[in-house]
S.K.: 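Have a look at the structure that comes next, please.
In this chain, residues are counted from 1 in sequence order.
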Amino acid sequence: MASTTVQQRYRRIVEAILRRKALPAPHDGRRIPLAPLAEEPLVDERRGYPYVSNSIRTARYTVYDFVPKQLFFQFTRLANFYFLCVGIPQTIPGISTTGNFTTILPLLFFVLLTVAKEGYDDWRRHRLDKAENAREVTVLRRAGIPPAAAAPESGVLAQCETGPASHLGLQWQQVKWSDLQVGHVVKLVRDDDVPADLVLLHADGDDGIAYVETMALDGETNLKSKQVSAAVTGCGTIEGICRGGVEFVVENPNPDLYRFDGRVTSGGKTLPLTLNEVVYRGCTLRNTASVTGIVVNTGEETKIRRNANRHPSAKKPALERMANMIVVALVVYLVALVAGCSSGYAMFQHSYERAAWYLQDVPVPYAHIIMGYAIQFNNVIPLALYVSLEIVKLGQMLLLNSSLDMYDDKSDTPARCNTNTILENLGQVGYIFSDKTGTLTENVMRFRKLSVAGTTWLHEMDLGSADDDADSLAKADPGDPSPELGRLSRLLSPTPSAGADGPRRSSSQWRSTARPDHAQPELTTADLLEFIRLRPNAPVSRRATQYMLAMALCHTCLPEVRDGKVDFQAASPDELALVRAAQELGFLVLRRTTQAVTLRILAGDTYAERTYQILDVIEFSSRRKRMSIIVRCPDGRIWLLTKGADSAILPRLRMAALATQKANEVRESLELEHQMLRKSEAREPRNSFGGRPSITIRRSIAMAREGSWADSMVGRSRSFEIGRLAPLPRVRSRPSLNARTVSHDPGGPNTPHTDAQPAPARFAFLDDPSLSDDAEVFTRCFRQIDDFATEGLRTLLFAHRFLTEQEYGGWKTLYHDAETSLVDRQERIEAAGDKIEQSLDLVGASGIEDQLQPGVADTIDRLRRANIKIWMLTGDKRETAINIAHSARICRPGSDIFVLDKAKGDLEGQILAIMEDLQVQSQTNPSGTPGHTVIVIDGHTLAALERPAAAAAAAKTLFYRLILTIDSVICCRASPAQKAVLVHAVIHSSTSPRPKNRSPLHIHHLLARLRAFLSPSTAPLTLAIGDGANDLAMLAAAHVGVGISGREGLQAARVADYAVAQFRFLAPLLLVHGRWSYARTARFVLATFWKEMFFYLPAALFQPAAGYTGTSLYEAWSLTALNVLFTSLAVIVPAVCEQDLARETLLAVPELYVFGQRERGLSVAGYLWWMVGAVAEGVVVWFACWAMYGALGRAPARDGGLFALGDLVFSVNVVWTNLKLLILDTHYKNSIVVGSFLVTFAGWWLWQVFLAGAYAPGVWPYAVRGGFFSSFGADPAWWAALFGVLGLLACLELAYRSVKRSLVVAGVWKMGWEWLHPATWKTAFWSSAGAGTVWTRDATRGSLEEWDVALWQVMERDPAINAALRKMSRLGYRDDGDAATCRSGEFREHV
C-alpha cells in the first residue's frame, strides 16, 4: 500500500510539472466514418489532434529523455553517488592535496562509458522498431498520392496488389505500417500479419467468413472465425466501399482482448459490433484469400500494445542491493577511519608537535587533515568498481553468446544476450513464468492413441519412415491410387521378420514425455489394419472402421493440393491431426464443400470413393465442448457424429446411467491409487526444499528399497494392454445392443459374420466376449482416457447415432429457426444442437499429442530439482493447458490439482478449502510438507480477484498468499496484461515485509537474529519466457526476460533480455551460465573490496609512525596506476573465466543452483569473512615488513627512506593480490589465468624500472630516482623481506585451506553459526553420544545443495564420479538406480 501511494503521488507530481493528465473518455466512444475519399485525417476528440500514429516503440529511451534518465540511473548507484560527493569538493582549489580532478574526471569517464554502452543497446532496439514500422500494407488511397517506395528486403510484400486507379480516383497502394491512420481501408491477403485493429468490411470466404490465427496475441492455437457484419455489404469493390453512409462507433482503447463493444450504422440500420467482426493487430490471416477492413485503433492504442509494458524501465541486478549495503558499510568505515586518524593527529599535536621546536609554527588545520584523510582513503571504495564490472559482464556475455550448449544447429541460432547488466540474475531465479504455444510446444498435433471396444492401439505411422510414406501418398495425384494402395499393402501385410505368431517388440518408438517409464501398448494401428484385413466383419473390426470413418467425417477441414501434395486447411491443429491420421489409416478426404465430403477408402485390396452429403454442422464452442456433423450416407441413412470432451459426451450417451456409474467407479479407483502414490512419494528422500535429490548415497536409499512395494504405484494409470495384463473384474450387465454400423463394407451392413482369414495368435484377445459387454467397455475406456490424460495427451470421445427421416425433419425446422433468429441466436443454436445430441452410442476415444519441443519435459524436471517453481501462463483453454502441463511434467502423476473457478461461486471459500487441504497434508505426511500441488485458474477468475471490491480484496490477499506455497500454477485464458499482473504480484508478495518479532530478547533470539542478518533470505527472482508479442508485457515485468525464436515470430527474442532458440536451452542458461555468472560476479565484488581493504590498511597503520600527518606510505604514480595496471586482471580475469564447478556437475546435480538463490556467493557473513581476512593479512604485511626490513636491513647499503619501505609494502601487496586471486583462489586455471598472473608480475617489475628512470632528480619525500638500481633494489635485505613476507602469507593461507578442507570432508565446516549456540558445546563435551555426532559428522549427510563447493571439487577429480556426472548431465538421462549412487566408504575414499 505504501509503494502504491508513493507511485500515485509521483504520478501526480509528474502530471503537474509536465501538464499531462489522463485523457477523458468520449461519452459515446470514437466515431469512424467509412470515407476513403476524405483528404484530412480523422481527429481524436480527446486531444483535438489526429489519432496516434501506427508506429510502435519497444525501446526504453528517446533522444530527449535518454541523458536525464541515464544520469539518474547511474547516480542511484551508491558508489557513483559517493564519488560524486567526494569529487565535487575536491575540485575546490586549496582543499585537495592530491589534485583537483583526480576523482571527478575518472568518475565522469567511467559513467559516460557505461551510458554509451546502454545507449548502444537501446539503439539496437530502435533499429528493430524501425524495421517493424517499415513493413508495408496495401491501403486504399487517392491516386495522386505516390506509394511508399518498397524496401529492398520487402520482396514478398511488394507482390501485394497495387491496382490501377478507379474512376473515383482511388487505388490500392503500398504504405508503411507507421503511416497507417484511423479510418484507412486496408487489404490483406492470405498469411499477412494484421498491422492495426480492424473492423472487417469484406472477406473472400464463404458467407463472408475469414479465419485468423491469434497465436501471437493470446497464445491460442485454434483459428478464429471472423465474419463481416450484416450491416456492411458490397464492400468487395472500390465502388462499394465509397458508397458512403456507413459509420462505426467503437469503444475507447482498452486492454480487454476478449470483449469488444461497438455498433455500425448503414442506411439507417444499426447493428452491434462484437469481437466476431474485429481483427486485432498481432493476428495473421489464414485460410482466406483476402479481406478488407477499416482501421479503428493504431499504434500504442491497439489491443496488443495496451497489453504490453510499453516503456519498461532499465532492470537492475539483484546483487546491486548487497553491493550498495557494502558501500554504505565502507562509507561508515571510512568515516570512522578518518575520524580516528584525525583524532590521532590531535593527540600527536598535543603530545609532541607543540613540544618540537621545528614544528611549533607550522600546524596543519584540522579541516585540511580531515579532507586529506578522506581523499587519501577514498579508494577504499573502488572508483572503477562498476566499470570493471561492465568489462566483466561484457566478457561473460561473449562467452554466453558463443556457448555451444545453447546453439541450435537446425535453425543455426545461437544464444544471444541483449542485456548484459543482469547476467548474475540468471543464477538467482526462483520462479519461471512460461508461455505454452511456441515456447513449450511446437504447435504440432499428432494423433497418438485410440481406444475402441475397450482396446488401446498406438499410432506410430508418423514416426520414422512412416513420414516418408505419408509424404509419398500426399504428393501423389489424387486420381492415382497406386501410392496409397502400396503403402496400405505394406501396412496390412505381415512382415517377414515377424511371423504371425512371432514375438512382439517390447517397446515402441514413441515414449510419453510425461511418463517416459510408462509401458506403451504392444499393438499399433498398423496391427489393427492388419486385423481388419484378415477379419473385416469381426465386431472389433466394424467398430474400428466406424471410428476411422468418424475421424474422416466429423471435422471442418478443407483439403487442397499444393505442389502436387494434398494438405488441409484446418481451424484447429486437433482436427488437422485427426484428418491426417485418418489419411494414414486409409480414409483420405479428397474433396469437401459445404454440401458434401468425398472420401477415398481402402476396401480389401481395392479402393473406393464414397461421397457423404453434409446436412448440418453444429460447430464447437467453449461452452458446448463438442461439435457434431449430420451426414447422409451413400446408402441413404442419416448419420449423426459427435466428438468432444468426455464431460460433454458422457451425459448424452444412450446408456448414460451405466456410463456414469462406471466412470465414478474408475475415478474412485484412480483416486485411491493417487493417494497411495502420494504417500509413497512422501516417504522418499527429500532435499532441503522438498524435492527429490539427484544423487543419494546408497545407504540412504536402502529404506526406499525396503519399501519397494510403492514402486508399483508410480505408474498408477498404466495403459490397458489386454495382451499382457489380466482383465479387469467383469461387471455383469445386459448384452450389448450392437448398434448398426456404416455401410462401408462391399457387402453392406447385413453381410454375414465370416472371417476372411484366420487371425494370428496375438489377436486372440479380440475374441474375448467382454469386448461386447457395454459395462466392461465403459470401464476400460474410462481408465484408458485417464491414462491418456496423465501422459499429456488431449482426449476426445467419439459418439454417434442414426436418425430417422421424421426425426431429422422435425429437428431441422427447429435448427433453421435458431440459425435465422436475430435474438439470442447463438444460445438458440446451442439449445437445438443439444436436443439432437442425445441417446448416442460410444464409438471410441482418441489421444492427441500436442508435440513438445525437444527436451522440454527433462528441462522442467531439472529446473524443479533446482528449487525453481514453473508456472504456465497461456491463452489456451483449461483442458489443453492441463494436458500440456502433464506432458511437460509441470504436473506429476501424483500431483494434487486444484481448480479455482469463478463459475463455482465463492472464491474466498474455494481458496480457504485449498489451504485447509494443504494443512492436513502437511500434518499427515512424514516429510511435514504437502505433496506436489498445482493451482489452475483462468483469466476470468483472475479478473474477478483483481476487482477493487472489498469482498474481492480479501480473496485476492488469500490467493496471493496461497500461490507462494504452491509448486506450480497454470493460468489459462490469460490476457497479456494478466500475465504481467501475475508476475508483478509474485514479486511484490515475495518482497512484502515480515512482521516484527516482539518476543523477549534472550541470548538464543539474539543469536538467531544475528544469523538472519548475516544470511538474509531475499525474495527469489522471476524469469519470464515466451516467443510472441503477447508475452512482451510479461517479459518486461519479470526480473529476467527470455525470448524464444519460435513460430510466433521474433518479437519476444529481439526485445527480451536474453534470446534462445528452444526452451531446453533454459537449463544450461540458468544452471550453468547463470550460476557461473552469479558466482563470478559475487567473487568479483568480494575480491574488489578485499584488495582495497588489504591495500590501504598498511597505509592506515603507517600513520602513527608519521605523526598522523596524512603522509602517504605509497608513491603517487604507483597509487594512480594500481587499479588499472596491477590489480585489474586479478579480479577481472577470474570473473570472466572461473568455473568453480564443471558444467557436467551443474547439469547433473541441479540442486547446486540454490547457491545463488540463497545468496551464498555474496552475503553479509561472506563479506565480513573476506574483510576479516583482508584485515588480518594487511596487519601481517605491515608489521612483517616493518620488522623484517628493520631487523635484517642493518647492512651499510640499507635504504632507510620512506620510499624503500613503502615500495616493499606495495610490492608485497601487488604480488600477493595476484598470487591469491589468480592462482590460489581460482579453481579453473586456464592459460588466460596463468598468463594474466605472469603479465602482471612481470609488469610490476618493469614499472619499477620505469619509475627509477622516469622520476626527475631532486629532493622528494620519496627517493624514487635510481632507488631500484642503486639503493634498496641492490639490498639483499629488501628482497629477503619481500620473499619472507610472501612466504609467511602463503603458509598462513595454505594452512587455512588445509584445515578448512579437512573440516569440510569431516562435515564439521557446514555447522557454521551453530558454534555460537551453547547446545553445540554442551552436546560435544557433556553428552555421552554427542561427541561422536558433533566431531565425526559425515560430509555427505544432509541434502546435496548443502554440500560445500570444495567437496564437489574434490569429487570431480575422481574418474568414476566424473564419468557418472557426465552421464547424468545428458538431456533425457534416466536414472537406473546405480549410476547416480555411491557407497559411503567409496565416497570417503574418493574424497
Side-chain angles (χ1 to χ4, degrees), residues 446-464 466 469-470 473 484-485 487-495 498 500-502 504-505 508-510 520-552 577-588 599 601-605 607 719-724 741-742 744-745 753 755-768 770-772 777 780-781 784 787-788 793 796 798 842-849:
R446 301 290 187 188
F447 181 82
R448 193 55 64 209
K449 287 186 178 182
L450 67 87
S451 169
V452 60
T455 61
T456 303
W457 307 82
L458 182 66
H459 185 73
E460 294 184 312
M461 294 184 181
D462 59 320
L463 302 178
D469 296 332
L473 172 66
E484 178 185 349
L485 292 178
R487 178 180 67 87
L488 292 176
S489 298
R490 292 195 301 271
L491 292 176
L492 298 180
S493 301
T495 58
D501 300 326
R504 296 287 296 165
R505 71 202 188 301
S508 64
Q509 297 182 40
W510 182 80
Q520 298 300 325
E522 290 189 350
L523 297 180
T524 67
T525 52
D527 299 309
L528 180 60
L529 291 178
E530 181 183 355
F531 180 78
I532 294 174
R533 182 183 65 84
L534 295 174
R535 298 178 57 181
N537 296 316
V540 173
S541 298
R542 299 175 70 87
R543 285 176 179 256
T545 303
Q546 193 177 65
Y547 179 89
M548 297 174 192
L549 264 176
M551 291 171 57
L578 291 171
V579 174
R580 286 179 173 172
Q583 173 185 349
E584 293 166 348
L585 294 172
F587 292 78
L588 174 63
L599 305 182
I601 303 173
L602 182 70
D605 294 331
Y607 75 96
S719 63
F720 189 82
E721 302 168 48
I722 300 180
R724 297 181 57 187
T741 58
V742 183
H744 154 252
D745 307 310
H753 179 81
D755 293 340
Q757 300 179 29
R762 67 176 184 276
F763 296 136
F765 70 93
L766 295 178
D767 294 327
D768 190 345
S770 65
L771 298 184
S772 299
V777 170
R780 293 177 176 179
C781 181
Q784 289 159 7
D787 183 38
F788 294 172
L793 303 180
L796 284 176
F798 284 84
L842 182 65
V843 177
S846 65
I848 300 175
E849 178 190 15

S.K.: Would you compute the distance between atom OG1 of Thr524 and atom CG of Leu529 and round it to the nearest 0.5 angstrom?
M.R.: 8.5 Å

S.K.: Give the minimum heavy-atom separation between Phe798 and Ser846, together with the two atoms involved.
M.R.: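 Heavy atoms of Phe798 and Ser846 come nearest at CE1-OG, 4.0 Å.
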
S.K.: Give the minimum heavy-atom separation between Val777 and Gly454, together with the two atoms involved.
M.R.: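 Val777 and Gly454 have their closest heavy atoms at CG1-N, 3.9 Å.
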
S.K.: Any chance you could measure Arg580, atom CZ, to His459, atom NE2, to the nearest 0.5 Å?
M.R.: 11.5 Å

S.K.: Show your reasoning for whether side-chain contact (heavy atoms from CB on, under 4.5 Å) applies to Phe447 and Met551.
M.R.: CA-CA 11 Å; Phe447 181 82; Met551 291 171 57; 4.0 Å; yes

S.K.: So which atom in Ala544 and which in Ile532 form the shortest heavy-atom distance, rounded to 0.1 Å?
M.R.: CB-CD1, 4.0 Å

S.K.: As an exercise, state the distance from CZ of Phe531 to CH2 of Trp457, rounded to the nearest 0.5 Å.
M.R.: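 Rounded to the nearest 0.5 Å, the CZ-CH2 separation comes to 7.0 Å.
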
S.K.: Would you compute the distance between atom CZ of Phe763 and atom CG of Leu523 and round it to the nearest 0.5 angstrom?
M.R.: 6.0 Å

S.K.: Taking C-beta and beyond as the side chain, do Phe788 and Arg448 meet within less than 4.5 Å on heavy atoms?
M.R.: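 Phe788 does not reach Arg448 side chain to side chain.
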
S.K.: Side-chain contact, heavy-atom cut-off 4.5 Å: Arg543 with Val843?
M.R.: no

S.K.: Decide yes or no for Leu528 and Met548: does some side-chain heavy atom of the first lie under 4.5 Å from some side-chain heavy atom of the second?
M.R.: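 Result yes, sub-4.5 Å side-chain heavy-atom pair found.
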
S.K.: Do Pro521 and Lys449 have side-chain heavy atoms sitting under 4.5 Å apart?
M.R.: yes

S.K.: To check you understand the geometry: which heavy-atom pair defines the closest contact between Pro536 and Ser541, and what is its length?
M.R.: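 In terms of heavy atoms, the two residues are closest at O-CB, 3.6 Å.
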
S.K.: Once rounded to the nearest 0.5 Å, what's the spacing between atom OG1 of Thr525 and atom CG of Leu450?
M.R.: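 One gets 7.0 Å once the value is rounded to the nearest 0.5 Å.
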
S.K.: Measuring from atom CZ of Arg780 to atom CG of Asp787, what distance do you get when rounded to the nearest 0.5 angstrom?
M.R.: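 It is 14.0 Å, given to the nearest 0.5 Å.
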
